[in-house]
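Encoded as structure tokens, the structure appears first; notes follow it.
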Amino acid sequence: MAKETFASGIGLERLTESQKKAVLHKDGPLLVLAGPGSGKTRVITCRIAALIEAGVRPYNICAITFTNKAADEMRQRVATSGAAGGVHISTFHSLCVRILRRYGENARIKPNFSIYDDADQKRCMKQAVKACNVDMTNFVPARMLNIVSGLKNDLEDVEAVAGRADDYFSKTLARIYTAYERILAANNALDFDDLLLRTAFLLRDFPDIRAELNGRFKYLLVDEYQDTNHSQYQIAKGLAIGHGNICVTGDPDQSIYRWRGADIGNILAFETDWPDAAVVKLEENFRSSPNILEMADKLIAFNMKRKVKSLIATRPRGQDVQIRGFADVAAESEAVAGQIKAAMEAGANLNEIAVFYRVNSMSRALEEAFIDEQIPYQVVRGIEFYARKEIRDMLGYLKLMVNPADDVAFLRAVGTHPRGIGKATLERIAGFGKINGVGMYEAARQSGRIETIGVGGRGRIAVFVGMIEGLRGDEPGKVAEVMERVFEESGLENYLLSAGEKEQGAVENINELINAAGRYDETAEDGSLVDYLQSIALYSDTDAYEPASGKVSLMTLHAAKGLEFENVYIVGVEDGLLPHERSAGSVDEIEEERRLLFVGMTRAKAGLNISYARYRTIYGQFLRSRCSQFLYEVGYDEDDDFDEEPAESSDGKSSCDMELEEERSDVFAVGQRVGHKKFGIGVVKEFHDLGANSIVVVRFQSGKTKSLMVQYAKLMRVRS
DNA sequence: GTGAATCATCTTTTT
DNA sequence: GATGATTCAC
């Protein structure tokens with residue numbers, strides 16, 4: 001290991017002393033506490049190269065990243081650094097799929113399992129709650145799903161929960177959990193959390209499997225360790241227990257997934273878990289200007305539950321961080337777009353500009369402004385491609401082909417377009433299946449035995465089943481080819497084409513899906529339909545971020561993790577949004593929101609622009625908002641910020657009220673949104689034009705419908 | 001019994 | 001402003 005340069009051409013002399021230490025530490029546990037912009041990614045890549053250089057077979061190295069995108073990028077970096085292929089690089093979830101497909105049958109998991117995304121999960125949970133015969137308003141499926149997910153992340157199985165249930169709520173919860181699990185099992189399906197939980201249990205309960213995997217992966221690297229939850233923690237431990245060659249990297253100040261079960265304690269307690277662990281701190285920051293770092297440091301210092309560490313700036317001073325307030329969201333978006341437009345015209349590289357926000361819905365206003373200014377942009381996870389109806393429909397057919405036990409896929413496939421099989425028929429099929437202990441597809445195959453369904457209905461079911469059987473009977477080929485056949489033979493293609501222009505977008509999307517499948521066919525090692533479906537389930541739209549798109553990137557603060565840009569805009573830094581009102585319940589939650597802003601700020605290399613709006617439309621309501629407490633914490637004083645808007649005009653009304661007044665008129669259209677001083681926001685249902693005595697009927701959000709005289713009601717138009 | 005249209009509800013972050 | 005459930009029309 002004395003060599004100073006690897007065959008790969010990575011010069012050790014270009015690394016700092018601490019980076020070198022992390023790269024060259026070969027055996028035994030290693031904790032790398034890496035602050036933002038500290039060259040962590042480079043250290044990991046170099047470390048993999050160094051291990052291979054030292055004689056470790058690439059095949060024996062396993063690197064775990066947080067997202068598929070990060071995995072792809074690391075794969076590329078490792079490849080270009082000269083390290084031969086064969087290093088396993090993936091997310092926890094993808095790794096678990098591979099392990100379960102290989103060893104799952106020990107725990108009665110068939111390799112062709114479906115992976116249920118949140119829509120599928122919701123469907124099953126709803127069914128589970130219904131089956132338990134409890135009040136849906138007290139046991140809201142979405143909430144139950146949340147709780148069950150939390151339990152699974154903590155590796156609490158049904159038995160554990162049932163065993164300690166002692167009051168009505170927890171007993172009911174245990175019943176619902178049990179029912180939910182039973183439904184998943186009947187469908188031969190796993191949800192996201194199951195992938196982790198089942199793998200963790202497999203490693204715990206089958207020492208020989210664990211030993212085999214320990215032999216397969218002799219060196220384990222886990223990135224973003226601060227965001228691992230309990231099951232991921234146990235998996236990492238299980239994978240490394242035989243050799244202790246575990247290197248974890250992360251930064252407690254960048255932990256932003258507590259709500260998903262991430263436990264910051266995992267990284268804080270690493271030295272306790274592995275007493276002989278070496279610890280390397282990377283505190284120098286090679287990314288951001290001191291101006292940005294000082295502010296980020298100031299902010300994060302408000303978190304009480306943290307190990308104090310400093311950010312050491314290495315770059316020269318640059319421009320100051322800009323914090324601005326705007327009259328409303330439109331003004332904010334226009335200002336951001338205007339500023340970017342100016343930069344664009346001055347020759348700025350749009351790849352190096354990003355806009356971050358707290359919630360996805362906030363991209364809309366920005367997109368409008370960008371379109372106005374003709375600025376090319378990409379929304380990372382804007383339209384969720386794989387969540388589109390037509391895409392889910394297509395995948396429904398494929399899932400059913402692969403896993404006929406999957407009722408969710410069956411229902412999806414049957415319902416892609418009208419084929420004369422409706423609600424009542426489906427209920428009968430489901431009923432028959434239940435009585436006979438088979439899935440809906442199997443029940444449909446035996447529809448001849450379901451007496452309650454008429455002859456016509458049976459015929460239509462037979463056509464559907466015949467179609468699926470035909471597709472299943474075909475030689476397994478390339479996924480793209482299978483897909484084309486499905487599109488055609490299912491009748492979906494004809495249906496969409498005959499719908500004409502209305503469905504043209506859907507056809508284009510399906511063609512894009514087929515293209516993407518073609519790309520999969522070319523790159524996948526195991527090009528089976530099962531593998532395709534299981535991979536696609538773990539694909540998130542955050543993975544769609546293209547670094548070299550030549551466009552401005554719009555994304556949530558969560559999606560920004562791990563990225564860096566020359567210029568960063570963070571919008572909507574307002575009370576209620578950041579910290580989000582749903583995260584304002586406890587100190588811990590506020591601290592996480594603070595870390596979120598910290599992550600956003602430290603993505604910026606040179607320019608950081610933070611803004612907020614004084615009025616924002618939330619759920620259709622035009623509401624006053626205040627700037628975030630975090631801005632005060634970094635020393636911002638709203639009163640200094642006069643240039644955008646005088647706080648109050650002479651008659652005591654804010655400029656926004658004025659704007660509403662200007663639009664007031666005596667004619668209203670049905671469907672128009674209006675505001676009333678006393679009743680709030682509502683929608684016009686009727687308008688009777690009687691000149692000065694015109695009457696308008698409005699249904700307000702409170703649920704009340706009122707008839708009002710226009711001349712007295714003083715209604716204001718509200719933009720929707 | 002089936003499919004379309006309207007109505008109501010609920011809005012964080014994601015593998 | 002989207003999605004799901006319920007009602008409505010055939």
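Proteins come first, then strands; the chains are lettered A, B, ... in the order of their sequence lines, and each starts at number 1. Just so we're clear, the structure is a prediction, and the values are computed from it rather than from any experiment.
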Under-3.5 Å donor-acceptor pair between A:Arg358 side chain and B:dT13 base: yes

Out of C:dA5, B:dT2, B:dT13, minimum distance to the side chain of A:Lys126 belongs to C:dA5

Applying salt bridge (charged side-chain N to carboxylate O under 4.0 Å, His left out) to A:Glu592 and A:Lys305, what does each step give before you reach the verdict? CA-CA 10 Å; A:Glu592 174 143 313; A:Lys305 297 185 177 179; over 6 Å; no

Which nucleotide in C:dG4, B:dT15, B:dT14 has an atom nearest any side-chain atom of A:Thr556: B:dT14

Which is more 5' along DNA chain B, the nucleotide nearest A:Lys423 or the one nearest A:Glu592? Just name the residue. A:Lys423

For A:Leu95 and B:dT15, what is the distance between atoms CG and C1' respectively, to the nearest whole Å? 13 Å

Using atom CD of A:Gln254 as one end and atom C1' of B:dT13 as the other, report the distance to the nearest whole Å. 16 Å

Could you check whether A:Phe92 gets within reach of a base, just the sugar-phosphate, or nothing at all, counting any heavy atom under 4.0 Å? nothing

Measure from NZ on A:Lys130 to P on C:dG4 and round the result to the nearest Å. 13 Å

Salt bridge (charged side-chain N to carboxylate O under 4.0 Å, His left out) partners for A:Arg460, two or more places apart: none

Would you indicate which nucleotide in B:dT11, C:dA5, B:dG3 comes nearest to any side-chain atom of A:Arg582? B:dT11

Stacking between A:Phe66 and the base of B:dT15 (centre distance under 5.5 Å, interplanar angle under 30°)? no

A:Arg364 vs A:Ala119, nearer the 5' end of DNA chain C by closest nucleotide: A:Arg364

Are any of the side-chain heavy atoms of A:Met555 and A:Leu563 separated by less than 4.5 Å? yes

Select one nucleotide: of B:dT15, B:dT12, B:dT14, the one nearest the side-chain heavy atoms of A:Val359. B:dT12

Rounding to an integer number of Å, can you tell me how far A:Gln232 CD sits from B:dT14 C1'? 11 Å

Using a cut-off of strictly less than 4.0 Å, decide whether A:Ser361 has a side-chain nitrogen or oxygen near OP1 or OP2 of C:dG1. no

Is the shortest side-chain heavy-atom distance between A:His558 and A:Arg358 below 4.5 Å? yes

Is a side-chain donor or acceptor of A:Arg594 paired with a backbone partner of A:Ile300 at a separation under 3.5 angstrom? no

Measure OH/A:Tyr257 against P/B:dT15 and give the value in whole Å, please. 6 Å

Under 3.5 Å: donor-acceptor pair, side chain of A:Glu224, backbone of A:Gly250: no

What's the CE-C1' distance between A:Met362 and C:dG1, to the nearest Å? 16 Å

Heavy atoms from C-beta onward define the side chain here; which of B:dG3, B:dT13, B:dT2 lies closest to that of A:Trp259? B:dT13

Within the pair A:Asn360 and B:dT14, is there a side-chain N or O less than 4.0 Å away from OP1 or OP2? yes

Interatomic distance, A:Leu426 CG vs B:dT2 C1' [rounded to whole Å]: 11 Å

Evaluate whether the aromatic ring of A:His93 and the six-membered ring of the B:dT15 base sit under 5.5 Å apart, centre to centre, with an inclination under 30°. no

Between B:dT15 and A:Asn68, is there an OP1 or OP2 to side-chain N/O distance shorter than 4.0 Å? no

Which part of the nucleic acid does A:Gly454 contact within heavy-atom distance under 4.0 Å: base, sugar-phosphate only, or nothing? nothing

Indicate, with a heavy-atom threshold strictly under 4.0 Å, whether A:Thr425 touches base, sugar-phosphate, or nothing. sugar-phosphate

Using a cut-off of 4.0 Å on non-hydrogen atoms, how would the nucleic acid contact of A:Lys122 be classed: base, sugar-phosphate, or nothing? nothing

Given atom CG of A:Asp223 and atom C1' of B:dT15, what is their separation to the nearest angstrom? 15 Å

